[in-house]
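As structure tokens, the structure follows; a few thoughts come after it.
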Amino acid sequence: MQHKYQFVPLTRADYHLIRQWLNEPHIAGWWGDPDTEIALMEQDMDSGPTDMRIVHFEGHPFAYVQDYPAHHWPAPQYKDYPKGTRAIDTFLGDPKYLRQGHAAGYMRQRAGELIAAGAPVVVVDPSPDNTNAIRTYRKAGFEGDKILPCEDGDPTLILEFKGRDAEKLT
């Protein structure tokens, strides 16, 4: 059974929730400290290129997802992708929703929506060490095995969602 998730635009009133989630042990080490991450969100809040959303399931907020033009910032790992490619970053914040398939479900749905809106490709770039995220992205329909350095030189695994059956996902 496919779940339908709602992607509600992030507001400043959500920062307390973002802060709480970023302090969860399952997110530690993969995202920056809450003050830094919220400052970055604040920079994009009113006029930046990043589309920031709180993910809801049955009315309950439980995750954060953002997407942006893959070529907007210097990101060498995306240089060979076509114009219009969207890159996604995400975390499932509420630990009550872990290991239930929600992360793969909302990522599949969101990537399908971006493809339906015209993105030729949707990409993610987890650390090769983040095996939980990689497993989730693969369950969501992302594929690939290229490891490339990102802007700071750290290795990233590039995974693509090209929209196979995307029309069924939206």
Side-chain angles (χ1 to χ4, degrees), residues 1-24 26-27 30-32 34 37-73 75 78 81 83-126 130 132-143 158-170:
M1 175 179 175
Q2 179 176 332
H3 299 291
K4 284 291 185 177
Y5 300 92
Q6 295 76 44
F7 301 98
V8 179
L10 179 76
T11 68
R12 288 175 177 88
D14 297 316
Y15 288 169
H16 75 284
L17 194 54
I18 296 292
R19 180 177 304 286
Q20 176 184 333
W21 290 342
L22 287 168
N23 281 313
E24 289 289 340
H26 67 277
I27 297 173
W30 303 117
W31 282 70
E37 295 298 338
I38 290 170
L40 291 169
M41 292 171 186
E42 181 65 24
Q43 288 175 0
D44 270 0
M45 180 59 75
D46 296 319
S47 60
T50 305
D51 186 354
M52 300 174 284
R53 307 287 179 130
I54 299 291
V55 185
H56 290 244
F57 177 68
E58 296 180 345
H60 183 78
F62 72 98
Y64 172 78
V65 65
Q66 65 183 22
D67 62 86
Y68 52 89
H71 300 103
H72 183 78
W73 289 286
Y78 299 142
Y81 285 95
K83 182 179 179 174
T85 295
R86 300 294 289 183
I88 291 184
D89 301 312
T90 189
F91 59 81
L92 191 154
D94 188 334
K96 292 182 284 190
Y97 287 77
L98 290 172
R99 292 176 280 289
Q100 296 179 31
H102 287 291
Y106 78 76
M107 285 297 290
R108 183 181 315 108
Q109 182 180 327
R110 187 65 179 151
E113 290 174 0
L114 293 170
I115 295 290
V121 182
V122 177
V123 293
V124 294
D125 64 347
N130 194 342
N132 288 334
I134 293 165
R135 185 172 39 255
T136 297
Y137 295 141
R138 290 192 189 287
K139 285 180 185 176
F142 288 80
E143 303 172 358
I158 309 305
L159 301 171
E160 321 175 358
F161 182 93
K162 293 188 180 180
R164 284 190 272 301
D165 299 323
E167 65 279 354
K168 298 177 188 173
L169 303 174
T170 58

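Keep in mind that what you see is a predicted model, and the values were worked out from it rather than measured. Note that the numbering runs from 1 along the sequence shown for the chain.
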Checklist entry - Do R110 and F7 meet the cation-pi criteria used here (NZ or CZ under 6.0 Å from the six-membered ring centre, within 45° of the axis)? => result yes
Next on the checklist: Treating H71 as the side-chain partner and Y78 as the backbone partner, does any N or O pair qualify as donor plus acceptor under 3.5 Å?
Outcome noted: yes
Item to check | Y137-E143 side chain donor-acceptor pair, cut-off 3.5 Å | outcome: no
Item to check | Separation of H102 NE2 from K96 NZ (nearest 0.5 Å) | outcome: 11.5 Å
Checklist entry - Just wondering, do D89 and Y68 contact through their side chains at under 4.5 Å, heavy atoms? => result yes
Checklist entry - Passes side chain to side chain donor-acceptor pair (under 3.5 Å), H60 versus D94? Steps please. => result CA-CA 10 Å; H60 183 78; D94 188 334; 2.8 Å; yes
Checklist entry - Within the side chain of Q109, is there an N or O that forms a donor-acceptor pair under 3.5 Å with the backbone of Y5? => result yes
Next on the checklist: As an exercise, state the distance from OG1 of T50 to CG of D67, rounded to the nearest 0.5 Å.
Outcome noted: 8.0 Å
Next on the checklist: Using 0.5 Å steps for rounding, measure from the CG atom of L40 to the CE atom of M45.
Outcome noted: 12.0 Å
Checklist outcome for this item: Here the pair of heavy atoms bringing L22 nearest to E37 is CD1-CB, 3.6 Å
Checklist entry - Quick check: does any side chain N or O of D14 sit under 3.5 Å from a backbone N or O of L17, one acting as donor and the other as acceptor? => result no
Next on the checklist: Suppose we call two aromatic rings close when their centres sit under 6.0 Å apart. Are W31 and F91 close by that rule?
Outcome noted: yes
Checklist entry - Is the side chain of H26 donor-acceptor paired with the backbone N or O of L92 at a distance under 3.5 Å, no angle test? => result yes
Item to check | F142 and T136: CA distance, side-chain angles, deciding distance, side chain to side chain contact (heavy atoms under 4.5 Å, CB included) verdict | outcome: CA-CA 9 Å; F142 288 80; T136 297; over 6 Å; no
Item to check | Sequence-distant partners of E42, salt bridge (charged side-chain N to carboxylate O under 4.0 Å, His left out), two or more places apart | outcome: R12
Next on the checklist: Contact between W73 and P49 at the side-chain level, heavy atoms closer than 4.5 Å - yes or no?
Outcome noted: yes
Next on the checklist: Would you say the rings of F62 and W21 are close, in the sense that their centroids are separated by under 6.0 Å?
Outcome noted: no
Next on the checklist: Please report the interatomic distance CG(D44) to CE(M52), rounded to the nearest 0.5 Å.
Outcome noted: 5.0 Å
